[in-house]
Amino acid sequence: MKKRVIMWAAIVTFVLVAVYMGAAFFFQSHFCPGTTIDGIAVGGYDVAKVEERIRQEVGNYSLTLNGRENVSEVIAGSSIGIEPVFDGGIDRLMEEQNGFAWIAVLSNGEALELGTVVSYDEEALEEAIGGLSFMKRENQRKPVDATYSEYSKEDGYTLIPADYGTTINRSALKKAVSEAVMSLDESLDLDESGCYTEPGVKDDDAKLLALLDELNQYAGTTITYEFGEKSEILDGERIHTWLSVENRRVKVDEEEVLAYVKELGKSYNTAYKPKTLETSYGTTVTISNGHYGWRIDNEGEVAQILLDLKEGKPVEREPVYAQTANSHGENDYGDSYVEINLTAQHLFLYKDGKLVIESDFVSGNVSRGHSSPTGAYGLTYKTTDAILRGEDYATPVKYWMPFAGDVGMHDATWRRSFGGNIYKTNGSHGCINLPFSAAKTIYSNIEKGFAVLVYTLPGTESKAVQKQDAGSVVSLIDTIGPVTLESETAITTARNLYNALPDSAKALVTNYETLVAAEAALAQLKAQQPQPPQEQQPQQPAEQPQQPAEQQPAEQPQQPAEQPPQEQQPQQPAEQPQQPAEQPPQEQQPQQPAEQPSQEQQPQS
């Protein structure tokens with residue numbers, strides 16, 4: 001029994017060895033089972049069979065081209081004459097194979113790579129590419145660069161994505177297709193292979209995104225201007241109209257910024273504008289002259305806006321002012337000011353609505369054309385121990401407070417009296433002469449920029465002054481006497497002085513009818529005077545003799561009386577020669593020549 005088992009085992013072993021050896025010898029010329037070459041199953045195939053199999057596979061080859069917007073087209077291998085090229089590669093693979101390892105290959109498989117070499121007809125490939133539908137011009141759309149949108153209130157500036165288009169780069173396409181064919185790839189993604197013409201600026205362009213951020217930073221700025229209880233908001237709605245882009249940098253149109261600042265000034269500046277004042281006499285006056293009030297510094301505000309835009313943050317502030325006032329209310333001078341009534345020769349100092357002091361004064365000499373200017377002013381500066389200099393004098397004052405160029409308030413210790421009508425014949429060169437104690441109090445309560453309101457108010461003269469002025473007119477009328485042609489000067493002077501009186505004083509001129517009669521008599525005398533011979537005017541003989549008759553001499557003396565009093569004309573050239581006088585010492589104000597005081601003549605007494 002044991003012998004029989006041994007015998008059968010020997011037989012089986014022999015058979016197995018025989019089968020193994022037989023297969024091993026077979027796979028010396030054939031590929032082992034489970035072998036693939038470039039993905040083609042070639043187990044049991046000899047070299048010739050493998051070549052035939054590869055020819056079959058290459059013959060059925062096609063390349064699918066996938067493009068943008070769901071484009072898909074196929075190039076058949078047969079259309080470009082594709083064929084495999086055998087250069088002994090399969091033989092080398094066979095030689096490298098271990099036929100005795102066929103059992104291991106059968107169990108695990110073996111994937112070989114031949115790197116199949118193919119050839120194709122380049123002209124045929126060029127023709128095949130040209131015949132693709134997406135290569136037609138009408139089927140291609142040019143790329144458009146990414147950019148930024150117009151400004152909108154809701155979103156500011158936003159990115160407009162690039163349109164990548166469908167324009168094919170022909171040389172890139174040919175290269176990609178050739179490589180795919182040589183590798184026997186079944187498909188080719190045109191976008192991934194770089195076969196399209198790209199836009200110059202893509203969505204992720206760093207410079208574009210930086211520009212977009214900068215635009216939104218500028219347009220996102222909000223400046224809230226505060227004008228007392230009122231406010232004005234500057235935001236992207238206006239700012240974006242100032243912006244442009246040059247070389248991918250934001251540029252701000254400073255002329256447009258200046259135009260906006262000027263608009264602010266037109267709405268909120270109060271300097272040089274008429275002001276109303278309810279006077280201490282109960283009458284409301286309008287003061288038209290003078291520089292007092294709010295005034296925006298155009299250049300300074302433009303510079304500040306540009307800084308705010310670069311910061312790109314919300315800002316709440318006042319404008320940059322060249323000049324400020326007390327209040328943004330109805331009256332910019334508020335409730336702190338010096339009120340100067342030139343007619344009454346009396347002033348009042350109010351601070352926070354409370355009367356601090358009132359005082360008589362002496363203003364500019366009317367008879368010499370030195371009337372003090374009316375207007376609303378801000379105190380230019382104040383100083384002590386100034387010297388008022390003129391051509392032939394130097395008068396020291398303790399308190400000097402200029403407000404209208406070279407005109408200011410100061411103590412006048414050389415004067416014994418103030419108020420009344422002293423100013424008409426013995427006034428200053430324009431300054432407000434004050435008692436020492438009044439000047440000291442005023443000086444202690446005002447600072448640079450303090451409001452000084454100067455006006456005239458007929459009818460506020462004292463009764464004594466009115467009676468005195470009326471008496472002067474009465475006396476002058478009495479001196480006229482019998483009317484002759486030589487009486488014209490006296491009559492004209494009387495008329496002018498009468499017209500300058502307030503109505504209450506005019507009623508005290510008891511001989512006014514005498515003046516009227518004298519004017520009529522003078523007119524009659526002038527009308528009776530022989531007329532000088534007229535030159536012949538051949539073309540208008542009828543009109544020339546009538547010209548003298550059309551003159552009305554009786555009315556001429558009254559015309560000068562209609563002119564406004566000198567103190568209401570602060571801009572007349574008659575005041576200009578006075579500027580060198582009353583200047584404080586040069587060492588005290590070396591940098592402010594425009595603020596130096598005016599002439600102030602030394603007292604003659």
Side-chain angles (χ1 to χ4, degrees), residues 342-343 364-371 420-427 429 456 458-459 461 464-578 601 604:
L342 296 177
T343 305
N365 192 323
V366 176
S367 65
R368 295 187 179 182
H370 299 159
S371 298
N421 60 1
I422 300 172
Y423 74 106
K424 292 186 177 180
T425 57
N426 190 27
H429 277 84
T456 59
E461 305 91 338
V465 170
Q466 291 186 29
K467 186 175 181 181
Q468 183 178 356
D469 290 344
S472 298
V473 176
V474 170
S475 298
L476 185 56
I477 293 175
D478 286 341
T479 63
I480 295 174
V483 178
T484 65
L485 292 175
E486 287 72 23
S487 304
E488 183 172 4
T489 299
I491 293 172
T492 300
T493 301
R495 166 56 68 184
N496 290 343
L497 290 177
Y498 176 82
N499 287 346
L501 295 174
D503 292 341
S504 57
K506 287 178 179 178
L508 302 177
V509 180
T510 56
N511 56 353
Y512 177 68
E513 294 300 328
T514 302
L515 174 60
V516 175
E519 290 174 332
L522 177 63
Q524 185 175 5
L525 287 174
K526 294 175 72 173
Q528 293 172 357
Q529 292 300 304
Q531 302 298 320
Q534 303 292 321
E535 292 185 7
Q536 294 296 324
Q537 301 291 335
Q539 297 183 8
Q540 297 181 348
E543 296 181 3
Q544 297 305 320
Q546 297 177 8
Q547 290 181 2
E550 293 175 358
Q551 298 177 359
Q552 300 182 22
E555 298 180 2
Q556 297 306 314
Q558 299 182 13
Q559 291 178 2
E562 297 176 358
Q563 302 304 318
Q566 293 300 314
E567 61 269 23
Q568 296 183 10
Q569 303 294 329
Q571 303 300 324
Q572 294 186 7
E575 298 180 3
Q576 298 305 317
Q578 312 307 324
Q601 195 170 22
Q604 301 300 316

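Residue indices begin at 1 and follow the sequence shown. Below, each value reflects all heavy atoms present in this structure, side chains not excepted, and no hydrogens, waters or symmetry copies. Given the structure is predicted, the values throughout are model-derived calculations rather than measurements.
The heavy-atom pair separating Gly420 from Val465 by the smallest distance is CA-CG2, 3.5 Å. The minimum heavy-atom distance linking Ile480 with Ala490 is given by the pair CG1-CB, 4.4 Å. Closest of all the heavy-atom pairs between Lys506 and Leu501 is CE-O, 3.2 Å. Across every non-hydrogen atom of Pro502 and Pro458, the tightest pair is CB-C, 4.5 Å.
Atom CG of Leu485 is separated from atom OG1 of Thr489 by 11.0 Å, given to the nearest 0.5 angstrom. In this structure, CD in Glu519 is found 8.0 Å from OG1 in Thr492, a value given to the nearest 0.5 Å. Here the straight-line distance linking atom CD of Glu461 with atom CG of Asp469 works out to 7.0 Å at 0.5 Å rounding. Note that CZ of Arg368 is 6.5 Å distant from NE2 of His429, once rounded to the nearest 0.5 Å. The line from CG of Asn426 to CG of Asn421 is 10.5 Å long, rounded to the nearest 0.5 Å.
The side chain to side chain contact (heavy atoms under 4.5 Å, CB included) check on Leu508 picks up Lys467, Ala470, with sequence neighbours excluded. A search for side chain to side chain contact (heavy atoms under 4.5 Å, CB included) contacts involving Gln528 returns Gln524, Leu525, not counting sequence neighbours. Every side chain to side chain contact (heavy atoms under 4.5 Å, CB included) that Asn511 has, sequence neighbours left out, goes to Val474, Ile477, Asp478, Val509, Thr514. Considering only residues two or more places apart in sequence or on other chains, Ala521 meets the side chain to side chain contact (heavy atoms under 4.5 Å, CB included) condition with Val483. Partners of Thr493 under the side-chain hydrogen bond (donor to acceptor under 3.5 Å, both in side chains) rule, at least two apart in sequence or in another chain, do not exist in this structure.
Proximity of Leu476 to Arg495: side-chain heavy atoms (C-beta onward) are nowhere separated by under 4.5 Å.
Residue pairs that meet the ring pair (Phe, Tyr, Trp, His ring centres under 6.0 Å) test with at least one member in residues 487-510, sequence neighbours left out, are Tyr498-Tyr512.
At distances below 3.5 Å, at least one donor-acceptor pair connects side-chain atoms of Ser367 with backbone N or O atoms of Lys424. For Asn365 (side chain) and Thr425 (main-chain N/O), a donor-acceptor pair under 3.5 Å exists by modelled atom type.
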